[in-house]
Amino acid sequence: MNLYKYVSEAINEKLGFKANLETPRNRSFGDFSTNAAMVMAKKEGKNPRDFAAEIMPKLSELDFVESASIAGPGFINIKLRDDFIWYAAAKPHDMKTQNPLIIDMDYGSYNVAKSLHIGHLRTSIVGDTLNRIAKYIGHKTISYNHMGDWGRSMGLVIAWIKKNHPDWPFFKDDFNPDADYSKYAMSPEELDTYYPAAVALAKTDEKFMEEARIITAKLQGGHPGYNALYNVFFPISLKSMTETVNKLNIMPFDKNLGERNAALYIEPVEKMLREKNLLVKSDGAEVIIVKKDTDNAPMPPVMFYNSRGAVPYDATDIMALYYRKITDNPDKIIYLTDIRQKLHFEQLFRVAEITGLFPPENLEHIGYGTINGSDGKPFKTRDGNAAGLNDIIDMINEAVKKRVIESGKNLPKETIDTIALAALKFNDLMHDLRSDYIFDPESVTSFEGRTGPYILYTAVRLNSVLKKAGIKKESKLCSLSEEERNLLIEILDFERTVQSAFDNRATDIIANYAYDLCQLINTFYHNCPILREGINEETKAQRLTVTRIARDTLATAIDLMGLKIPEEM
RNA sequence: GCGCCCUUAGCCCAGCUGGAUAGAGCAUCGGAUUUCUAAUCCGCAGGUCGCAGGUUCGAAUCCUGCAGGGCGCGCCA
């Protein structure tokens with residue numbers, strides 16, 4: 001049950017006007033409070049405390065209210081009945097929306113022939129969690145790994161291979177497109193080295209850079225040799241991406257379709273733009289003007305063809321919109337990328353509007369902040385390179401392993417992997433995704449306090465108690481201790497929290513909720529023993545029921561974050 | 001130059017409904033375990049919420065200005 005919503009609606013109905021319901025920071029004031037008296041008294045020119053005294057008896061009549069009282073300048077504090085809390089908490093969570101939407105979710109955005117680095121962490125983890133939340137609420141989502149598989153980086157990789165293997169058939173005039181070229185496949189590790197090497201060379205060698213530009217345009221234009229070579233290394237890269245997705249325990253993408261797929265729709269999109277007279281020649285390129293008279297910020301045009309005839313990402317993103325329109329026809333498209341792409345999406349959404357593809361309210365860009373090192377600059381490894389995702393995962397695995405050995409425990413490898421992943425993912429999810437945050441390897445691998453392992457540990461302990469206790473019938477209410485009461489009320493805030501996380505597109509809301517919930521659980525666990533000697537059967541049964549309810553809610557939250565609960569830890 | 005974002009405890013962050021005494025974690029100090037799993041719990045200490053005005057019964061939260069930091073502004077994605 002969404003307790004807040006339930007209480008709020010009941011109070012509004014009773015009073016006949018909309019009261020603002022709050023949860024007081026200080027629990028001793030009550031379970032809820034409302035400033036309705038202060039707001040209404042002002043409107044009607046009355047004294048707030050007098051007005052509060054007038055409406056308070058009405059609130060006391062509500063069947064879930066234990067007591068109501070007036071405090072401070074005119075707050076009305078409400079305490080709920082224990083039996084109501086008990087009854088409400090026993091119901092399983094159910095928050096399927098009445099209006100399910102089709103939502104395209106664009107996150108991940110991995111690049112072909114470029115291994116994943118720390119920059120892909122947030123888009124993957126946060127995107128996956130937002131996707132899970134949307135599904136949990138009942139929306140139909142279609143997740144896209146919109147791959148960087150058709151731009152300049154492809155031209156650079158091919159140019160690099162050409163430079164090192166000029167004798168390969170892909171570069172010959174008499175290239176035979178029907179032959180089998182699988183023997184040219186390279187290892188994923190080797191493929192990973194091409195792009196950085198090519199970029200380094202292009203920085204100093206303008207001729208090489210120009211060749212890469214030309215190759216990019218030719219690749220896009222259908223050059224048989226370049227396309228055959230592309231088809232040699234693309235599957236290698238896709239396989240690596242899939243392995244990383246599995247390693248991160250994020251749901252498989254519904255569609256691994258990127259720029260290349262979008263570019264298949266160049267003809268209808270170009271036709272649409274020309275019919276509307278939107279393509280304008282400018283410095284040898286063709287662009288779409290999206291500036292409005294009301295703009296007071298810089299608003300450059302959107303590039304459709306660059307001066308070499310290649311389609312940059314501005315264009316492929318328009319085509320991707322077209323593809324999604326004619327296939328999914330979604331109610332909403334949510335893009336999750338680095339915040340530095342904000343302007344690009346503003347431009348893209350303007351094109352969507354003037355072409356009539358999608359109205360602006362159906363398009364949404366969530367820009368996430370940068371993961372920085374302790375120096376405040378983007379996180380790098382000790383050798384000064386951008387940290388690879390696999391390296392980071394390995395580093396945390398090592399720390400967990402060390403920790404396990406120190407504590408004298410003996411845990412299987414899968415459990416260590418699970419704990420390490422929780423440390424990494426929770427650390428990412430708990431931060432406001434729109435802000436930069438500092439990635440401190442020390443604190444990510446410390447496992448105490450506000451961490452993923454703490455969350456898992458709490459769940460493992462609950463499971464352990466429930467397992468030892470065996471299957472018990474659900475109990476009746478005797479009387480709630482303060483610990484149980486606080487815990488159950490937090491559990492009754494779960495649905496509101498999930499809804500808020502979705503509405504605000506904010507994973508930290510669910511992560512911080514999970515942490516708060518764990519704190520209450522651990523306090524309960526510590527102060528309310530169950531299987532110890534001297535606990536009477538009724539108390540034991542009640543505490544077991546609380547434990548079971550808490551475990552179910554926590555397990556759901558853990559699942560929404562894409563974490564797994566180990567058997568033991 | 002133009003535009004957007006950020007500034008809360010020694011460190012790292014919550015505070016996404018404008019409410020009552022601003023909260024966690026880490027680090028420091030002290031206490032609780034032959035564990036229903038101590039990766040836990042309890043406590044001490046730590047703050048002019050960047051600065052200055054304004055709106056309001058009430059401001060960390062809204063508005064204005066200033067300072068410091070970050071980011072963006074056509075042929076990379």
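So you know, we letter chains A, B, ... as the sequences are listed, proteins then strands, and number each from 1.
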For Met299(A), answer base if it contacts any base atom (sugar-phosphate contacts may also be present), sugar-phosphate if it contacts only those atoms, and nothing otherwise; contact means non-hydrogen atoms under 4.0 Å. nothing
Contact class for Pro312(A) vs. all strands (heavy atom < 4.0 Å): base, sugar-phosphate, or nothing? sugar-phosphate
Give one of base, sugar-phosphate or nothing for Met430(A), where a contact means two heavy atoms less than 4.0 Å apart. nothing
Has Lys409(A) got a side-chain N or O lying under 4.0 Å from the OP1 or OP2 atom of rA39(B)? yes
Identify whether any heavy atom of Val302(A) sits under 4.0 Å from a base atom; if not, whether one sits that close to sugar-phosphate; answer base, sugar-phosphate or nothing. nothing
For a quick check under 3.5 Å, do Tyr437(A) and Asp428(A) share a side-chain donor-acceptor pair by atom type? yes
Looking only at side-chain N and O atoms, does Thr523(A) come under 4.0 Å of OP1 or OP2 in rC42(B)? yes
Applying a 4.0 Å non-hydrogen cut-off, can you work out what Ile419(A) is touching in the nucleic acid: base, sugar-phosphate, or nothing? base
Taking any heavy-atom pair under 4.0 Å as a contact, classify Glu442(A): base, sugar-phosphate, or nothing. nothing
Can you check whether Phe75(A) stacks with the rA20(B) base, using ring centres under 5.5 Å and planes within 30°? yes
Please state whether the phosphate of rA39(B), meaning OP1 or OP2, lies under 4.0 angstrom from any side-chain nitrogen or oxygen of Tyr457(A). yes
Identify whether any heavy atom of Arg543(A) sits under 4.0 Å from a base atom; if not, whether one sits that close to sugar-phosphate; answer base, sugar-phosphate or nothing. nothing
With a non-hydrogen cut-off below 4.0 angstrom, is Ser307(A) in contact with a base, only sugar-phosphate, or nothing? base
Reckon Ile438(A) touches a base, only the sugar-phosphate, or nothing at all at heavy-atom distances under 4.0 Å? sugar-phosphate
Separation of rC13(B) C1' from Ile371(A) CD1 (nearest whole Å): 15 Å
For the atom pair OG1 (Thr497(A)) and CD (Glu490(A)), what is the distance rounded to the nearest 0.5 Å? 6.5 Å
When you compare the ring of Tyr454(A) with the six-membered ring of rA39(B)'s base, are the centres less than 5.5 Å apart and the planes under 30° from each other? no
